[in-house]
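Note that the structure is predicted; figures quoted are calculated from it, not measured.
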Amino acid sequence: MSAHQAAPSRSFGLLLHAFGNRSFLIGSAITVLIALVALVSFFWTPYDITHLVVANKMKPPSWAHPFGTDHFGRDILSMIMIGSRNSIAVALVAVGIGMGIGIPIGCWAAARGGWVDETLMRMNDIVFAFPALLSAVMITAIFGPGAINAIIAIGIFNVPVFARVARAGAMSIWPREYVLAARASGKGRAQITIEHILPNIAAILLIQGTIQFALGILAESGLSYVGLGAQPPMPSWGRMLFDSQTRMMIAPYQALFPGFAIVVTVLGLNLLGDGLRDLLDPKLRRER
Amino acid sequence: MSAFLAKRLLIGLVTLIVASIVVFAVLEIVPGDPALLMLGMNATPEALEALRSQMGLDQSIPVRYFNWIGGMLMGDFGRSWTYSSPVLDLIIERGIVSLPLAILSLFLSTAIAIPVGIFAASRRGTIADSASMGAAQIGVAIPNFWFALLLVYLFAVWLRVLPAGGFPGWGAGIWPALKALIMPSLALALPQAAILARVTRSAMLEVLGEDYIRTARAKGMSRRTVLWRHALRNAMIPVLTILGLQFAFLLAGTIIIENVFYLPGLGRLVFQAITQRDLIVVEGVVMLLVASVVVVNLVVDILYAAVDPRLRVKA
Amino acid sequence: MSLLEIEDLRLHIGNLPILKGINLTLGQGKVMGLVGESGSGKSMTALAVMQLLPAAIQASGRISFNGISLLGAPEAAMNRLRGNDIGMVFQEPMTALNPVKTIGEQVSEGIRWHTRASRAEAEERARRMLDRVGLPEAKFPLSRYPHELSGGQRQRVVIAIACALAPKLLIADEPTTALDVVLQKQILELLRDLVDEHKMGLLLISHDLAVVADMSDRVTIMRNGEVMEAGETAHTLSQQRHPYTRQLALASMHVPDRGEKAADRQGPEEARSAPLLSVNNVTRDYPHRRTSLFGKPGVFRAVDSVSFTLDEGQSVALVGRSGCGKSTLARMILALDRPTSGTINLSGYDVSALPEAKLKPARRNMQIVFQDPYGSFDPRHKVERLVAEPLHLLEIAPSISERRDMVADALDKVGLAPADMDKYPHEFSGGQRQRISIARAIITRPKLIVADEPVSALDVSIRAQALDLFADLNARLGVAYLFITHDLTVARAITDRVMVMHEGKIVESGRTDDILDRPQSDAAKALVAAAPDLQRALERRLARIGRI
Amino acid sequence: QRADLVLGVVLEPPHLDPTAGAAAAIDEILYANVFEGLTRIGQSGEVLPALAERWDISDDGKVYTFYLRQNAKFHDGSAFDADDAKFSLDRARADDSTNAQKALFAAIDTVEVVDPYILKVTLKRPQGSFLYNMGWGDAVMVAPESAATNAEKPVGTGPFKFENWARGSSITIVKNADYWGEPVALEKAEFRVIPDAAAAVPALLSGDVHAFPMAPVGEVLEQFKADPRFEVVVGVTEGETILSMNNGKEPFNDIKVRQAIAHAINRDEVIAGNGMGGLGTPIGSHFSPANAAYEDLTGTYPYDPEKAKALLAEAGYPDGFSATLKLPPPPYAREGGQVIASQLRQIGINLEIIPVEWADWLSTVFKEKDYDLTIISHTEPNDIDIYSRPDYYISYQNPDFNAVIEELDVTADEAKRNELYRKAQEILAKDTPVGFLFELPKIGVWDANLEGMWHNMPVQANDLTKVKWKQ
Ligand SMILES: Nc1ncnc2c1ncn2[C@@H]1O[C@H](COP(=O)(O)OP(=O)(O)OP(=O)(O)O)[C@@H](O)[C@H]1O
Ligand SMILES: Nc1ncnc2c1ncn2[C@@H]1O[C@H](COP(=O)(O)OP(=O)(O)OP(=O)(O)O)[C@@H](O)[C@H]1O
Ligand SMILES: [Mg+2]
Ligand SMILES: [Mg+2]
């Protein structure tokens, strides 16, 4: 099909598409909701979770405690609210690390080509060869468990992902004629990368970002679940699941609510990613 | 082809060497004294010293590294400090649980995902498509350990048809052993299947939009025939990539799942060895896992060439 | 009853009409040419016949093939017709074949599907068919994969697939646009022979009047989803009764008025001062893909000891078949690539050796215009920023208002309004985009513009405008051109000299008329012979009619 | 009648030689079942004869003469005699010995074989706890031929023989037909390793595991109590769970600060949130309530946050202070630690919780004393003497207390010993070098048809000699 597709005025067209895109709408609604919950938790939660009233422990859901209380008598709703901060922060920073290091590496590899490219990509392969969770376990064994180390562990494995995506994207932009034109205008690799390459791969990076963000939340909950993520008293969804699993029989709500929180958040982010892909990736848009 | 293979092998080898250095260096800085851990709070200093020299911990770091590497090249992975049995034996003992688990999960996830993906792609836009992709969306979002927990309560506690965990060993017979692996592999496979189904579907859709599909249709072949004969093989290329990545993921995923089901597999072995500072076991298992990732990538590369003739460089 | 009858065919996508009542008739053994500008609905008409329209498109009207109504025919019935009675050849030979199947499989597949022949039988037929299209078994075994064939060879495979069962109707949708002229000629001849042989009806779609004039008995001219004129080829195209027909014909034969000065510059060689550009013995090797890990990679010589000079204000064409090294040479002249050996000198600067930092003054003197007017712009930038990009080369960066003035001036020179500065490239038509691309090239007042196939992606009428603009700028600003093209009419229209390139070497060069009228080398002769020319095609056709 | 049993254990033993490692998991499987010592510890902590039928003690308390069983045999068929006994004791106290409790043998001067079945042990000084010490798992009798391979293939004299170890999964022992004593009822017992607390509950509920002598089931205990299929027995262990404070460090070297902390701790709430189903006996000093010499001192510093604040102010911390709380993996520490952190916050002490692995805890907290506060259960039996050890991680120094312990060491008379134990408890309760929390409960859950399981845990063992299925 011809590349001369008629593109409507870009931003307006995107907006129109956005409103017609179900994945995008649901996904962004969930994402915004979770972000709001996290924000609100800084100012207000139904109960103070730092003060334990053990006598109150393991109350099933009620009006006073809509999601019940845990084994220390803490309000699970408040815990989930505050836990969202942890999940979001860990995933966000880990994605930030992945992007901050991976994108420059990928862009550099694509811009230089040759042995630079080969070396960088082989280094990527080596990182990839380590099963991520295993390395996370090793990292936390050295530095001790905790949110920061979980971030580092997850972040490291985001680096090759973004490096690959950025490189693949950049490689497809470099041979474009407008890049040649920029080179004919005497612009250097770095300048072209900033002016032409990055803006044009921003969309795929953003999409990958939402995917990695969702994976980060899952990874954080996995790490917390084996006791290597956020540490008490800081609540975390994975940790809550871990804490509650022995009590599944008598207090299933303790495991269900944090589990749903994870599923809903990850679902929201994935939907958002899908929606963004539909909106921003012209190749797929054309297909519709 | 052979040049291509040789290059991949060389890269794999370099990966392994770098990995061995990284692993060894990283574990050197792990805090905690394995001898102290073994002898506990009442141990006398002499007893500790005696144990350390038994473990070879009194040698210098480079000497230990080269001893280790040299040993591994000869097929000797050293002796576990805590289990005081050869690491290789441990790995084999555990591997015969983990490997079948990973293979079973991979098999399950492919067996579920690829037909679903193809089905959804061939019925694009129908309710069946939306339903299966909606399910896949949720599948991707479910943490596998949580799913495992739900499975245990459903099948072991409530229905009592499957064991809640543990592994009777292959000696107990194929069926009891397999029974113990059903839930763990399901828990591992389902989220992976969800991802794979989505990839399969989008790869299929992408391929179905290619010009050569139109050429094939212009020959008079029906939609279905074209789907199977022309689209499938081309769509398998991205699917293979994901499968390769998933294998590494499955290996790591076993760490958590083996914990949930207390299966005596490699994942549990490293996890336990790390907490017990049985570093030689950790090193051995990590190297093995890295090597298997390298091998799987190699296999995927070879499969690529099998699927896509453009990658078969003529010698 | 004719082989194919289309009556009042209408296509819609939602409320948007795509075809507005097309009528077309094609008899057995006849060739119908379908011409029109890009987007006029040619491909949609063809796909409607095949019943392979995109799902979103609704069709109405009547299409009958051999008395069978196709529109709304059940899928099973269409499956029996497609490939068996109706074959189709597509435009892009590079993507029309399944990369993971051998050509043998792809040709025999349709045969087996329709005739239920055994594998061996089907392969035997496929072998004969491939041999017929010029891919003899000895050189091109059935086990070849598409990526092991060149573009022209792949197009032959596509034709073999379409003709494998000797269909009654063959539809060819721009079967040669992706190929160079020499290949185009071979493919067209092959199609004609097949039509004669099997008494097929051929619906030939093209945007090139010359091709259609050469090939078809009747033409249908389309525009915006409507038929403008239809009739016997020679008469329709020579009498040009319909204004749009005339417009098309004129545009495709258009020669810009280059004024007097152009001729003046073709002075005797010795009278010239130092040339603007001199290329000395330039060679460029590309490494082959490595086949063994330790073996030395072989090299592929894309440009082979090329030398020439170009004077100020001179307009030179570089012509040659696809892949002969034209673009590679251009990239080296623009210092976007380095020669393996040899030097390139542009107004005193050795652009083949200077480091990037020292190239700025040289770069100010040369700019580039690309083939694809859309792909040559970053879709995220506005015209102002796009056109101003080369200003980066100036010693002193202009202020924002200076910059806007300079951009406005450049836009003015190419006939665009200053207000266009604040638009995005997708808000312009193809022709306008090529103007913007030229504006970008002239903003630093370069002495040399290298234009790599600057008009081959444009429709004939837009192309005529672009050529006028090139000629005009050459006359007004005295810019020298290196014009890369495989289209000899373009070369003839606006260049003073022509260089013919073949397999990396320049095999012939001289004054445009001399070379094009009296080519000496085999390469040049082949090019000239293959170049479609509307005038000559019509003359031939009229002569033939006259003789009968 | 059924004669097989599957027991759940949380920790897998690293190896199977009780004389070469501290891991409780080794004793939990092998002690009394596969290996036996000269003496053994009974269900309520009493010293009973084992491979030594009886013994004489010289009047000065320095010479012990053991009369050994004449019909005892190792599982490899060789007879047990005084030579084996001498070998076992000498091996444990040798210079290159890797015995984790080498101190148990520190008092031994010489070991002599008087007769194939008479062993004479001469001590350097009288030691009141010597017979008790000889009942520890670390002092079991091994044969010279098999001592080196016990780690993988243990050979003892007990009523069960080791059969198989599927590493990471389970250890199986079977009945020893040649046992010298009363034969056991079980033919086969499998110790299944279930490290994950979450897995223990379904394992029991689904019947995969018949008994969990130390069931990590937390609050789900109620569920098991209500279920007639199961018997739930809550007993005591020797595990004094304490909030250790670094007495060698500001501000914990100040008794006022320690008293403030003691007043700030609400033991009932700590127990309620200890991750063990809210079970555990509060303690006020370092002594097991199951012991005859136990004295209830929990009232020494009652829960009183106001008083705690006042004491803190007196000590010069009116606004409290910040400190770290390092927590090893067991739930009593990780869960209880959160409750304690919450309680201390009420009086202005802000604790940063740092979870650590065992290995890390042992080297940084226990060995290098790099900590402020930690929670730990001291499960060694009768170990009040640890507070007198020089260089111990608590860094507590009190000459009065040390004098009591010294006297105890040389006293053999039961009544006198109990008197001294009480005195030691009182000193500790007053000085409160650590925060005394609770005695770790032994929560056993098993099939209601099973009988003969130990209710208490005076030593880390699962003695199966009397276990059998009811008809
Ligand atoms: N899949 C599609 N969905 C909607 N509109 C389409 C689709 N494909 C083509 N069109 C529109 O239909 C019209 C006719 O397109 P068609 O491809 O038939 O043009 P054409 O004459 O073949 O042009 P070209 O010479 O560029 O191939 C154009 O306006 C185009 O934008
Ligand atoms: N980067 C490259 N690496 C290897 N080979 C190349 C590269 N670029 C071009 N070639 C090869 O060099 C030859 C000349 O290429 P070039 O692009 O100069 O041809 P061209 O004359 O411009 O053809 P066209 O008319 O199709 O644009 C071709 O055979 C091409 O395959
Ligand atoms: Mg078309
Ligand atoms: Mg070119």
Find the one option among P146(C), A96(C), P167(C), G87(C) whose heavy-atom pairs under 4.5 Å with chain B are most numerous.
A96(C)
When you look at CG of L73(B), are more than 12 heavy atoms from neighbouring residues, nucleotides or ligands closer to it than 6.0 Å?
yes
Within this structure, what is the CG-CD1 distance for the pair L169(C) and I86(C), rounded to the nearest 0.5 Å?
5.5 Å
Quick one, L81(C) and L70(C) - any side-chain contact, counting heavy atoms below 4.5 Å?
yes
Could you check which of E105(C), Q51(C), M50(C), E109(C) has the highest count of heavy-atom pairs closer than 4.5 Å to chain B?
E109(C)
Which atoms of L97(C) are under 4.5 Å from chain B, going by heavy atoms: the side chain, the backbone, both sets, or neither?
backbone
Listed by number, the residues in residues 117-128 of chain C that come under 4.5 Å of chain B (heavy atom to heavy atom) are none
L165(C) versus chain B, heavy atoms under 4.5 Å apart: side chain, backbone, both or neither?
neither
Partner residues of F24(B) under the ring pair (Phe, Tyr, Trp, His ring centres under 6.0 Å) criterion, sequence neighbours left out:
Y65(B), W68(B)
From CA spacing to verdict: side chain to side chain contact (heavy atoms under 4.5 Å, CB included), Q153(C), K139(C)
CA-CA 12 Å; Q153(C) 288 159 353; K139(C) 271 174 80 183; over 6 Å; no
Max heavy-atom pair count under 4.5 Å with chain C, selected residue of E210(B), R229(B), M221(B)
M221(B)
I would like to know whether S105(B) and Q192(B) meet side chain to side chain contact (heavy atoms under 4.5 Å, CB included); could you show each step before the answer?
CA-CA 9 Å; S105(B) 327; Q192(B) 300 294 313; over 6 Å; no
Can you tell me which residue among T241(B), L243(B), V239(B) is in a side-chain contact (heavy atoms from CB on, under 4.5 Å) with V199(B)?
V239(B)
R124(B) and D129(B) ion-paired at < 4.0 Å
no
